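Just so it is clear, the structure is predicted and the values come from calculations on it, not from any experiment.
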Amino acid sequence: MPSQPEAEFGIAEARRILGEVFAPWVQDLNLVVERIEHLPPDVPDWQPGALLRMPFSERLCRNGGVVCGQALMALADTAMVIANLAANRGYRPMTTVDQTTHFMRAVSSSDVLADARVVRLGRTMSFGRVTLLSATDNKQVAMVSSAFAMLPG
């Protein structure tokens, strides 16, 4: 069972939740939580978030060796859930209400990074943005905006 919010929420707990809470097909993407940010540095406009990596696999590609949009959208959605957990400093049930993805360029033969940021966290809703990047050249692949409903429990 997921843990309750705690002051020491970190990368180990995020990885545990990723392995226990998400659907098996999402786990099959082999996503890696690389960074959690929930303690604000002394920087204006800082937002809590998470950085996830989706390792490249031919199984994620459509014709032509391009990573398919469905895999990229699943990465963005999952990264945003982990970012919300970071902002909440622990597990909190939630569900995606809206996700809009703007694909900017194709990515092939490269891991994909998802830099997810919580723009606004409320009692019942959360709003965020995710930047997807090719890990090979650090160029932007897509930008995603999302809204999540925070559920009781």
Side-chain angles (χ1 to χ4, degrees), residues 2-3 9-41 43 45-121 125-151:
S3 66
F9 179 80
I11 198 164
E13 182 67 1
R15 288 176 176 164
R16 185 190 68 76
I17 290 170
L18 182 62
E20 292 180 8
V21 174
F22 290 86
W25 71 268
V26 174
Q27 294 176 16
D28 290 345
L29 294 173
N30 296 314
L31 305 180
V32 177
V33 180
E34 294 200 343
R35 188 172 66 232
I36 294 292
E37 296 180 29
H38 59 76
L39 298 174
V43 177
D45 298 327
W46 177 86
Q47 298 166 328
L51 180 70
L52 273 67
R53 177 182 294 266
M54 183 172 66
F56 176 77
S57 167
E58 291 289 336
R59 291 179 44 83
L60 302 177
C61 294
R62 61 174 177 77
N63 270 350
V66 173
V67 177
C68 71
Q70 295 91 334
L72 295 172
M73 292 174 72
L75 167 61
D77 186 68
T78 305
M80 202 61 236
V81 169
I82 299 297
N84 276 308
L85 298 180
N88 282 295
R89 298 195 182 174
Y91 182 80
R92 182 175 179 189
M94 67 190 80
T95 189
T96 310
V97 174
D98 180 64
Q99 178 172 301
T100 302
T101 305
H102 298 279
F103 297 101
M104 302 169 79
R105 66 189 279 269
V107 62
S108 57
S109 302
S110 175
D111 291 0
V112 180
L113 301 173
D115 183 3
R117 299 293 165 170
V118 176
V119 175
R120 183 176 185 281
L121 177 63
M125 292 291 295
S126 171
F127 300 91
R129 63 177 171 77
V130 182
T131 303
L132 298 179
L133 305 159
S134 168
T136 301
D137 59 13
N138 215 35
K139 289 188 178 177
Q140 194 167 355
V141 173
M143 57 184 184
V144 181
S145 61
S146 62
F148 285 78
M150 299 294 129
L151 305 174

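Q99 has its side chain out of reach of M80: every pair of non-hydrogen atoms, C-beta onward, lies at least 4.5 Å apart. Residues L121 and F148 are not in side-chain contact: their nearest non-hydrogen atoms beyond the backbone lie 4.5 Å or more apart. Within the 4.5 Å cutoff, side-chain heavy atoms of M54 are placed close to those of L31. In this structure the side chain of M94 reaches within 4.5 angstrom of the side chain of L85, judged on heavy atoms. Counting heavy atoms from C-beta on, the side chains of V144 and M73 never come closer than 4.5 Å. Here the side chains of F22 and V81 are in contact, with some heavy-atom distance below 4.5 Å.
Taking CD1 from I11 and CZ from R16, the interatomic distance works out to 14.5 Å, rounded to the nearest 0.5 Å. In this structure, OG1 in T131 is found 9.0 Å from CE in M143, a value given to the nearest 0.5 Å. Once rounded to the nearest 0.5 Å, the distance linking CE of M125 with CZ of R120 reads 9.5 Å. The distance from atom CG of D77 to atom OG1 of T96, rounded to the nearest 0.5 Å, is 3.5 Å. The line from CD1 of I82 to CG of L51 is 12.0 Å long, rounded to the nearest 0.5 Å. The line from CG of N84 to OH of Y91 is 11.5 Å long, rounded to the nearest 0.5 Å.
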Trace of the side chain to side chain contact (heavy atoms under 4.5 Å, CB included) decision for S126 with V118:
CA-CA 7 Å; S126 171; V118 176; 3.9 Å; yes
Take L113 and D115 through the test side chain to side chain contact (heavy atoms under 4.5 Å, CB included) and record every step on the way to the result.
CA-CA 6 Å; L113 301 173; D115 183 3; over 6 Å; no
Could you give me the CA-CA distance, side-chain angles and deciding distance for L72 and V141, then say whether side chain to side chain contact (heavy atoms under 4.5 Å, CB included) is met?
CA-CA 9 Å; L72 295 172; V141 173; 4.1 Å; yes
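Across every non-hydrogen atom of L52 and L75, the tightest pair is CB-CD1, 4.2 Å. Contact record, A116 with A79: CB-O, 3.5 Å, taken as the closest heavy-atom pair. Across all non-hydrogen atoms, the minimal contact from S110 to A135 is OG-N, 3.3 Å. Taking every heavy atom of both residues into account, K139 and D137 meet most closely at N-OD1, 2.9 Å. Closest non-hydrogen pair, P55 versus L60, comes out as O-CD1, 3.8 Å. Nearest heavy atoms, S108 versus F56: C-CE1, 4.3 Å.
At least one donor-acceptor pair closer than 3.5 Å links the side chain of R15 to the backbone N or O of V33. Side-chain N or O atoms of D98 include none that pairs as donor or acceptor with a backbone N or O of S146 at under 3.5 Å.
Heavy atoms from other residues, nucleotides or ligands lying under 6.0 Å from CZ of R105 number more than 12.
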